[in-house]
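For reference, the structure discussed in these notes is given below.
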There are 2 protein chains.
Amino acid sequence: MATPTTAADPQPLGLRERKKRRTRDALVDAAHRLFLCHGYGRTTVDEIASEVEVSQRTFFRYFANKEEVALAVLAGAEEAFLECLRARPAGENPLEAMRGAVREVWQSVDRGEGTGPAALELFELIESTPTLLAAHLRHTIQQEVEVARILAEREGLDPAVDLRPRLLAAVFGTVVRISHLSYAAAPATDSHSMDGMLALIERHFDQLGPALAGSWR
Amino acid sequence: MATPTTAADPQPLGLRERKKRRTRDALVDAAHRLFLCHGYGRTTVDEIASEVEVSQRTFFRYFANKEEVALAVLAGAEEAFLECLRARPAGENPLEAMRGAVREVWQSVDRGEGTGPAALELFELIESTPTLLAAHLRHTIQQEVEVARILAEREGLDPAVDLRPRLLAAVFGTVVRISHLSYAAAPATDSHSMDGMLALIERHFDQLGPALAGSWR
DNA sequence: AACATTATGTCAGCTACTGACATTCGACAA
DNA sequence: TTGTCGAATGTCAGTAGCTGACATAATGTT
């Protein structure tokens, strides 16, 4: 019965891995607190590190740079989106699949998994911090490349030849981003929920056709 | 006749302004040479400054950061695009106006004004340098906001209410960016000219409708 | 020629980030 | 338990981007 190493049934994580995950989470947490409180620029890496009682050098072993710790939770959500998209039924066309995946992700956020409630504040922080915005946009287009890859595979296309996947992924990303913006910009009136966000995205998608059409009058 | 200050007929620029412009141009030039030769990351600001025989501090009086000197010529092209767009006849619809403005800018580049031939190499440098790419994307969306403002004004719309200008500007920016990418990625075969670039953009725009349509098969 | 403005140089300092090496801590076996 | 190995961490020194403060030099103005 008694295996020498503690059994690996529920979580095959050793003590070591758990500890690493703990300090990583603690760093992200402390960083967010400090960023939201004092601002990104006025928070030094040393402060974040000493908050978790870790050396600065260790911080940079977990995160390549200061931006990464700020965008960490977003990176998680992006990864979740990719997994949802890959798991969408093959019968759906590209647009349906992406809408479905976005819905899934926001609903899981709504249930409090992962990022939690600070998502909105985080968006504002990013938008108002040039460095963060730049890094975030770079991540976004990387995400779009991956999304295009998935879409092309679903449809059996070669992404080097057919540019529709890349194009659709980019347009979709744009719609989501603008939705985020007008969501955050809107006075915190009604429907500040995930349903509100999804409705916004749908609405913007509906405006896409008219926007591309010739005249607007 | 003899005005004390030299007359301001052809160029109202004083000696001071000319000198400033000269050193600024020299800095951009030296920076580009060094970046393309040794890479962005391996070029220090001190090297750029001493190349022009200027102190590092002076460099930072001309450019807020190292990225800015790399993206300077692009910023010029973006400004030119805005001016062209503002000058388009009011009869054109938004899409026509933007296509026309893009055509004008590329044609002026073709005539050797401003950026010149190094445009392609610069794009590759930006795409392959994470920091530069991030900064460039940030500039791009700022540009899109301004474009949306112009479009809204042309059509007499309130950009806070109607999101079509913002949406169209973003989609247009995306199409142009992807066109640049596939232009640079293509083997330097035929039509590596401004006409080729414009044709690419047109082609991608034609694919936009199909890409947004339901199924691709 | 004298003065006001403005660009530049110098210096000191902060912060992000990295390489190298020593140390400590968790994993695993005897 | 003990000992050994590898991984995580700490410490230290150093580079580079960037800024404020002040002195100096160049330019424009009267």
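Hydrogens, waters and symmetry mates are skipped; everything else that's a heavy atom, side chains included, is used. This structure is a prediction, so every number in the text was calculated from the model and none was measured.
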Taking atom [atom2] of [N] as reference, at what distance in whole Å does atom [atom1] of [X] sit?
X	N	atom1	atom2	answer
B/R18	D/dT27	CZ	P	11 Å
B/R61	D/dG20	CZ	P	11 Å
A/E68	C/dC17	CD	C1'	13 Å
A/F59	D/dG10	CZ	C1'	16 Å
B/L27	D/dG17	CG	P	14 Å
B/R24	C/dT8	CZ	P	12 Å
A/K19	D/dT9	NZ	P	8 Å
B/E47	D/dA16	CD	P	8 Å

With no hydrogens and no angle check, do the side chains of B/T23 and B/Y62 hold a donor and an acceptor under 3.5 Å apart? yes

Between B/H204 and B/S179, is any side-chain donor less than 3.5 angstrom from a side-chain acceptor? yes

How far apart are the closest heavy atoms of B/E68 and B/A64, and which atoms are they? OE1-CB, 3.3 Å

How does protein reach along nucleotides 11-16 of chain C, written 5' to 3' as B (base within reach of a heavy atom under 4.0 Å), S (only sugar-phosphate), or - (no contact)? ----SS

B/T58 has its side chain closest, among D/dT11, C/dA7, C/dG9, to C/dG9

Could you check whether A/E153 pairs with A/R86 (Lys NZ or Arg NE/NH1/NH2 to Asp/Glu carboxylate O, under 4.0 Å)? no

Mind checking A/Y62 for me? I need base, sugar-phosphate or nothing, with any heavy atom below 4.0 Å counting as a touch. sugar-phosphate

Would you check if B/V45 and B/F60 make a side-chain contact, meaning some heavy-atom pair closer than 4.5 Å? yes

Aromatic ring proximity A/F205/A/F172, centre distance under 6.0 Å: yes

Any chance CD of A/E47 has more than 12 other-residue heavy atoms, nucleotides or ligands included, within less than 6.0 Å? yes

Suppose we call a contact any N or O donor and acceptor under 3.5 Å apart; does that hold for the side chain of A/R16 and the base of C/dA27? no

